[in-house]
Every structure is written in structure tokens, then in C-alpha cells.
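Following: one structure in C-alpha cells, then a few remarks.
Chain A is the first sequence line, chain B the second, and so forth, proteins listed ahead of strands; every chain is numbered from 1.
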2 protein chains.
Amino acid sequence: MTPKKPHHHGNLQEALIDAGLALLAESGQAGLTLRKTAARAGVSHSAPAHHFDGLRGLLNAIAKRGFEMLLDYLRNVEHQNGNHDQPDPFKRLMVRVHAYLDFCDRNEPLFRLMFTEASYDDPELQKIALNCYQVLRDSCRPFTEGRNALEVEHAVWTMAHGFAVLGMNSPRPNAPAPNPPCEDMMRMLLLGPSNDTPD
Amino acid sequence: MTPKKPHHHGNLQEALIDAGLALLAESGQAGLTLRKTAARAGVSHSAPAHHFDGLRGLLNAIAKRGFEMLLDYLRNVEHQNGNHDQPDPFKRLMVRVHAYLDFCDRNEPLFRLMFTEASYDDPELQKIALNCYQVLRDSCRPFTEGRNALEVEHAVWTMAHGFAVLGMNSPRPNAPAPNPPCEDMMRMLLLGPSNDTPD
DNA sequence: TGCCCATAGTTGACAGTGTAAAGTTTGCTG
DNA sequence: CAGCAAACTTTACACTGTCAACTATGGGCA
């Protein structure tokens, strides 16, 4: 008799978030509906109202879960195959950036929800999103010596996010599609214009 | 009796786009509705079907108009107060970048529609968006000598867009909010790490 | 001139959406 | 064991996009 289990369903809150994530991955943002989410969780269409503040609340909760997944991904990517004990600080940073872009590619509708639909007034969401940013900040430290640290971190974060967003739906065709993506741009930013590859 | 005037309304197509832009500016994306747009243009809720392919078609047309506005803004910002004959190439570029960010700030719902809702399969939209990108490319020319031009342009575009998007709804509080925004980051990117302001 | 009909617009209907109110079940508490 | 609050259901409503059927207008062609 755990006190966590509510009366009927047994943690419907999390079940709804799971259902929403599944719908989002399957049919995109258009397929994520309060009623469909409820149906998928096996409850009536009005049940979510007792756990979230309407559709907005559900989307916010899903976004929060998304940031938790992203944080987990960013933190654990270091200890995965091929990324063990990377000594080069730039390569260590790029492992993080690539993880960020990977997450965006693999969860595009969720990523879009997290960054354009969620309301950042929620302090909980703000906190978990800040934790994600902190991982990137830590990877930037080797490049902030003698410079405005905030500015360097800001630039890296801006470029990584811009790359992710433009990669999703860029209006500009003939993108160079660098492989590995974004790396040359980051090199130019952090190591100076003399270090970028001439054509 | 100009042949451009259709039978009843007189260019309802453009009137619907105007109405949609007004709704978008007034009440955001949630307020932009096919029925409301039709009502604002003074026609029945089903009239737009004869001019656009459903809601998607209307949104696409509005996005197209948005890119036209952006292109106009980017091209004419040079000849405005305080921007006459800027000799410094970096400052000339920044005039363009600031125009880009200004447009985003002043038309946030439209900007979001242009970059996340419109379908870039439309070749017309692709073309006009490419024209916008071309203006930025031109401003990048002074910085592409002896470098991979595509890469430099890509980096500038990525950073500008990333900055615009994060400025709209950044999950990271305590943003440095540089004034003028984005300039120091761009300086770091284009002029090298030794040229950015130390703390 | 006068008919004809494609174009433009209207009306009505339908499935699906979010939300709110009222009713029902459940399981804990006094 | 009574009662009650939380969890869930049912019902209803306004609104959305889309479709089919209907009406009216005005230009082309006999």
C-alpha cells in the first residue's frame, strides 16, 4: 500500500506524460491532443484536468520531461562508446554539442515543444532547463580563460541552438551539411578565424 | 474594369492575408484562425477555400508575405537614419543582423510562423527566403577572403537566427542581454578570439 | 442582345478539439 | 460504519477545419 498510488489508476500523471510523448513521437505536434492522450492512457477525456492545468499544463509537463531526458543524454554521452576520456577540450565540447543536435534530430517534435510551446514561467522547468545549460557551460570552461566567460558560453549555446533549429526546417537550400555538423563553425568561433578550413 | 478585380470582393486573396497578419499581430498564433480571418475580411467562413488550400495554404501565404516584408526590411535598413554609408564592413554586417533581430522582435508571432509553421516545399516561399539569405551573404563577403565562404556565411546566419530564437523564449535566465545584442558574439566569431572583450 | 456557365461566395453539416459543470465511484479517515 | 474528499466519468457547449450542396455574379460566345 504505497502512499504514492492514487485511488484508481495508479500514477496517472506519469502515464499521461508517457502517452503524450508517444503520440508526439508518432504523429508530431498535430497528433498530440488532450483527448487522444487521455484515450491512450485508458481514461476518459476529462481525467487529465485533475492532474494538469488544461492542455497547457500537459504540454508543460511533457516539456519538463523532455528537458530531463536531454539532461540525462548530455550527462551520459561522455561515457559512451568512443567518447571515453577525450583529452582534447574542443573534442570534449563537440561531444556535448553533437549530443544536443542528436537529441534534436531524434526527438524533433518534442524539441520543438520544449523550445516554442512550453511556458518558461514555470520555475521547475526553468530549473531543469538551466541544468542542461550548465552542462554546456562546463564544457566551455577551457575556452573562457582571459575572456568574457558569459559571452563565450552564450555564443556557443546560441550557435548550437541555431544550428539545431535551422537543421529542422531551414528555408535556405544547398546547406553545406558539414560532417560532423557544426564542428567547423565552432572551431571558427572558439579557435579563431585562422583555424577554420580554407576552401 | 481592371481584369485583376475578381467578381465580388475585389482581390480577396490579399485581403485575407492582411486580415491574417492583423490577427497574428493582435492575438498571436492562437488567434489566427481560418474562420476569424474570413470574418475579419468580411466574408463567410468557407470563402478562403477558393483561394488557399485550407488553413495550411493560408499560413503558407502569410509566411510568404512575411518573408517579403523581411526582405524589404533587410534591403532598406541601409538607407535609414544613422546607417548612411557605413564604411566599416563589420558595422555594415551588424546593421543587417540587427535588422533581422528587430524584425523578429517586432513581429514575433509572424517570425515564428515563418520558421516553424510554413512548409518549405513551396518553391515560391523557398525563393523569397533565399533572397533574404542572400542579403546576409552579401554582407559577409568582406570576411570570406581566404576562408571557406559558405562556412562563414553559414556560421553568421546560424548565430543570428539562434540569437533571434533564443531571445524570444530562452529557457536560460540571466541572459547577458548585450547592447547592442549579438554584436560581441559576432565579433568573436569573425574577428577572432583575441578581439572579444575580456571581463 | 441574351444565354451559359465557370468563378466566387454562402449555407449547412460533421467530426474533432478544449473546457467547464454535474454526477459517480473509490478508498481513506474519523 | 458513516461520511467525505479525491479521482474519474458523463454530459454539454462553443469553437475549429473541412466538405458538400446551393446561390449569385459577371464575362465570353452564339
Spacing of A:Asn11 atom CG relative to D:dA7 atom P, expressed in whole Å: 11 Å
Side-chain heavy atoms of B:His51 within contact of B:Leu58, under 4.5 Å: no
Sequence-distant partners of B:Lys36, side chain to side chain contact (heavy atoms under 4.5 Å, CB included), two or more places apart: B:Leu23, B:Thr33
Set of residues satisfying ring pair (Phe, Tyr, Trp, His ring centres under 6.0 Å) with respect to B:Phe111, sequence neighbours excluded: B:Tyr100, B:Phe115, B:His161
Whole angstrom value for the distance that separates P of C:dG9 from CD of B:Gln13: 10 Å
Interatomic distance where NE2 belongs to B:His50 and P belongs to C:dT11 [whole Å]: 13 Å
Side chain to side chain, B:Glu78 and B:Arg92, heavy atoms closer than 4.5 Å: yes
Global bending angle along the helix from C:dT1-D:dA30 to C:dG30-D:dC1, which compares the axes of five pairs at either end, to 10 degrees: 10°
Geometric class of the A:Phe103/A:Tyr73 ring pair [parallel <30°, tilted 30-60°, perpendicular >60°]: tilted
Test applied, side-chain hydrogen bond (donor to acceptor under 3.5 Å, both in side chains); reference residue, A:Gln29; option that passes from A:Arg112, A:Glu108, A:Glu117: A:Glu117
pair A:Pro48-A:Thr37: side-chain heavy atoms closer than 4.5 Å: no
Residue-level proximity of residues 17-34 of chain B to DNA chain D when a heavy atom falls under 4.0 Å: B:Thr33, B:Leu34
Between C1' of D:dT18 and CG of B:Leu58, the distance in whole Å: 14 Å
side-chain hydrogen bond (donor to acceptor under 3.5 Å, both in side chains) between B:Asp138 and B:Gln134, intermediate numbers included: CA-CA 6 Å; B:Asp138 291 344; B:Gln134 190 59 41; 3.1 Å; yes
Gap between atoms CG and C1', on A:Leu55 and C:dA20 respectively (whole Å): 15 Å
DNA chain C-proximal residues of residues 35-48 of chain A, any heavy atom under 4.0 Å: A:Arg35, A:Lys36, A:His45, A:Ser46
B:His154 and A:Phe163 aromatic ring geometry - parallel, tilted or perpendicular at 30°/60° bounds: tilted
Residues forming a side chain to side chain contact (heavy atoms under 4.5 Å, CB included) with B:Val95, sequence neighbours excluded: B:Val77, B:Asn83
Test item: B:Glu153 and B:Tyr133 side chains (from C-beta on) under 4.5 Å apart, heavy atoms: yes
